[in-house]
Amino acid sequence: MSSSFFMKTKGKPKTTKKGKETVAVKRKADGDSGGKLRAKKQSKKYNEEISSDSEAESPAMSKKRQATGEIEFDETPQEKKLRLAKLYLEQLKEEEEKRAEDESFETDQIAGRLQEEVLEQKGKLQRLIAKDLLPPDASEIRVLRGHKLPITCLVITPDDRCVFSAAKDCSIIKWDIESGKKLHTIHGGRKGTEDRHVGHTAHILCMAISSDGKYLATGDMNKLIMIWEAETCKHLYKFTGHKGPVSGLSFRKGSHDLYSASHDRSVKVWNVDENAYVETLFGHQDAITGLDSLSRERCVTAGGRDGTVRVWKIAEESQLVFHGHEGSIDCVQLINEEHMITGADDGSVSLWSVNKKKPLGTVKQAHGCHGDSGLEQPHWVASVAALHNSDTVASGSHNSKVNVWKCGQHYRGLQLLFSVPVSGFINSLRFSSSGQFLVAGVGQEHRLGRWWRLKEAKNGIYIIPLKRKPSNAEEARQTE
């Protein structure tokens with residue numbers, strides 16, 4: 001039993017393990033050459049199927065990976081996780097940097113806008129645009145004709161789409177700037193028809209429009225102020241109280257408070273929303289010839305023959321008096337809250353600061369002289385205009401030219417940029433809010449009288465485009 005037992009045990013196959021390889025000892029003992037050959041083929045088969053990553057991939061797989069744009073990395077799973085984490089962190093960093101740049105840009109924009117508003121309130125904002133302006137060609141100037149008599153005043157709506165003009169024929173016309181067509185006409189009435197006619201029956205001398213474009217105010221030689229709905233030209237109110245012709249009107253910016261000036265030497269304050277009179281201010285020694293205002297509760301007036309410009313502080317009930325011109329100061333316009341421009345019948349144009357009693361700069365005989373040799377007289381300056389918060393102003397006379405001026409730094413001094421040929425009396429001038437064009441109201445006669453008559457002139461509205469020099473980027477595109 002024991003011997004057979006040992007023989008059976010001896011006949012069992014024995015195995016030896018080395019790593020993952022298993023060697024069949026029994027097959028060696030039996031000496032089966034066929035088994036050896038099969039084992040060798042199986043070993044070769046296993047070696048081909050379980051290939052390592054370091055082996056060269058097939059050409060087909062290589063082409064496929066190149067086509068899909070995949071990038072292969074020789075790395076362990078832990079290294080792959082680390083690499084992807086770094087990529088994610090870099091992406092987050094780039095996004096945060098971009099967001100910070102955008103926020104910084106927005107912050108700079110807001111800060112710049114706030115700074116401009118602060119400078120504007122202080123009257124120290126001066127946008128330097130005069131250096132980029134180019135004189136327009138005569139063919140580019142458009143003329144709108146509709147009034148029978150000389151234009152005396154005009155205003156541009158806040159959106160720069162329409163112009164209101166008034167004339168000695170007592171009529172008011174609303175124009176579309178782009179098409180040049182009449183949108184509405186308020187006809188003037190004859191003298192003696194005041195009770196039944198809706199509108200003016202005497203020469204209209206001045207007009208103003210509120211900063212929101214809601215109300216239009218007009219003043220005439222009959223001492224009347226009329227309030228209109230600007231959109232529809234519907235008549236709303238009639239203000240009475242002045243004892244002389246109404247020569248100046250202006251709405252306070254951002255409100256419906258109306259300031260009026262008259263040849264009776266007074267300034268009156270009205271509340272248009274309430275259809276109410278507020279108060280009267282006195283101080284000028286002669287007929288007031290012009291008035292203007294901005295957002296502060298104050299207005300400026302030109303005193304005509306009394307040779308003064310006055311700043312009226314409404315809330316404080318006080319006034320500042322400025323002297324400078326030798327002749328009659330016929331027109332005044334605010335550039336910003338602290339600076340203004342005036343024109344006089346001695347031919348001079350002056351720049352003023354509310355902090356100085358004398359002009360900061362004056363150009364004498366700004367529009368030349370006329371008359372026989374030895375008896376020359378300067379052309380009266382009939383109108384002035386200012387592009388608000390900029391260094392650009394304009395003046396008009398009857399020398400067939402509109403002069404466009406550049407203000408010096410801190411508004412010290414005036415330099416002539418160019419002249420625009422316009423024949424007739426330039427009775428009114430207005431810059432558009434955008435600064436893209438200048439509108440002139442032209443007549444054969446001066447708005448306040450009939451001292452001269454220029455028969456060759458045409459009564460009309462002249463729209464003068466203000467061209468700009470191309471920027472560096474535009475120049476580069478043009479050269480390409």
Side-chain angles (χ1 to χ4, degrees), residues 117 120-123 153-159 164 166 172 204-220 223-284 288-303 309-320 331-340 354 385-386 388-389 428 430 433:
E117 288 181 2
E120 184 177 350
Q121 289 295 324
K122 290 183 177 180
C153 53
L154 60 84
V155 291
I156 306 173
T157 56
D159 58 9
F164 287 93
I172 301 169
I204 302 171
L205 297 181
C206 54
M207 65 192 332
I209 191 167
S210 58
S211 57
D212 60 358
K214 184 177 181 180
Y215 295 117
L216 175 74
T218 52
D220 66 12
K223 315 167 193 175
L224 297 177
I225 300 170
M226 293 196 180
I227 308 298
W228 312 83
E229 188 179 76
E231 183 65 28
T232 61
C233 295
K234 177 186 175 183
H235 183 262
L236 299 177
Y237 314 124
K238 182 188 292 184
F239 290 159
T240 60
H242 279 295
K243 297 178 181 178
V246 181
S247 55
L249 288 169
S250 180
F251 279 95
R252 181 187 171 196
K253 188 177 178 181
S255 76
H256 294 145
D257 293 337
L258 177 67
Y259 305 125
S260 65
S262 169
H263 289 183
D264 65 7
R265 299 176 291 178
S266 71
V267 174
K268 291 185 183 292
V269 184
W270 314 82
N271 187 311
V272 176
D273 280 331
E274 302 293 333
N275 186 19
Y277 159 78
V278 179
E279 62 178 319
T280 303
L281 307 169
F282 295 96
H284 278 290
I288 301 174
T289 52
L291 178 146
D292 195 25
S293 67
L294 285 176
S295 56
R296 288 184 185 175
E297 197 174 353
R298 59 172 62 177
C299 63
V300 297
T301 53
V309 177
R310 297 182 186 236
V311 176
W312 304 84
K313 297 182 178 181
I314 309 298
E316 295 90 337
E317 297 184 355
S318 63
Q319 56 186 285
L320 302 174
C331 45
V332 62
Q333 185 88 36
L334 282 166
I335 305 172
N336 55 33
E337 296 287 1
E338 298 285 329
H339 299 89
M340 53 193 166
V354 297
H388 290 154
N389 301 305
S428 184
R430 295 283 179 177
S433 301

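Predicted model only: the values in this text are computed from it and were never measured. The first residue of the sequence shown is numbered 1, and numbering continues consecutively from there.
Interatomic distance, CG of Asp257 versus OG of Ser210, reported as 11.0 Å (0.5 Å rounding).
Within the structure, the ring pair (Phe, Tyr, Trp, His ring centres under 6.0 Å) test picks out the following pairs touching residues 244-267 (sequence neighbours left out): Tyr215-His256. The salt bridge (charged side-chain N to carboxylate O under 4.0 Å, His left out) contacts involving residues 268-277 comprise nothing, where partners must be two or more places apart or lie in separate chains.
Judged purely by atom type and a 3.5 angstrom limit, Thr289 has no side-chain atom pairing as donor or acceptor with the backbone of Gly303. In terms of modelled atom types and a separation under 3.5 Å, the side chain of Gln333 and the main chain of Asp292 share no donor-acceptor contact.
When all heavy atoms of Ala230 and Ile209 are compared, the pair lying nearest together is CB-CD1, 4.2 Å. Nearest heavy-atom pair across Leu249 and Thr218 is CD1-C, 3.5 Å. Considering every non-hydrogen atom in both Cys299 and Ser293, the closest pair reads CB-CB, 4.0 Å. Between Leu154 and Met207, the shortest heavy-atom contact is CA-SD, 3.6 Å. Between Val278 and Asn271, the shortest heavy-atom distance links the atoms CG2-N, 3.9 Å. Residues Val311 and Arg298 share a closest heavy-atom pair of CG1-CD, 4.0 Å.
In this structure, Glu317 places its CD atom where only 12 or fewer heavy-atom neighbours from other residues, nucleotides or ligands lie under 6.0 Å away. Surrounding CD of Glu229 are more than 12 heavy atoms belonging to other residues, nucleotides or ligands, all under 6.0 Å away.
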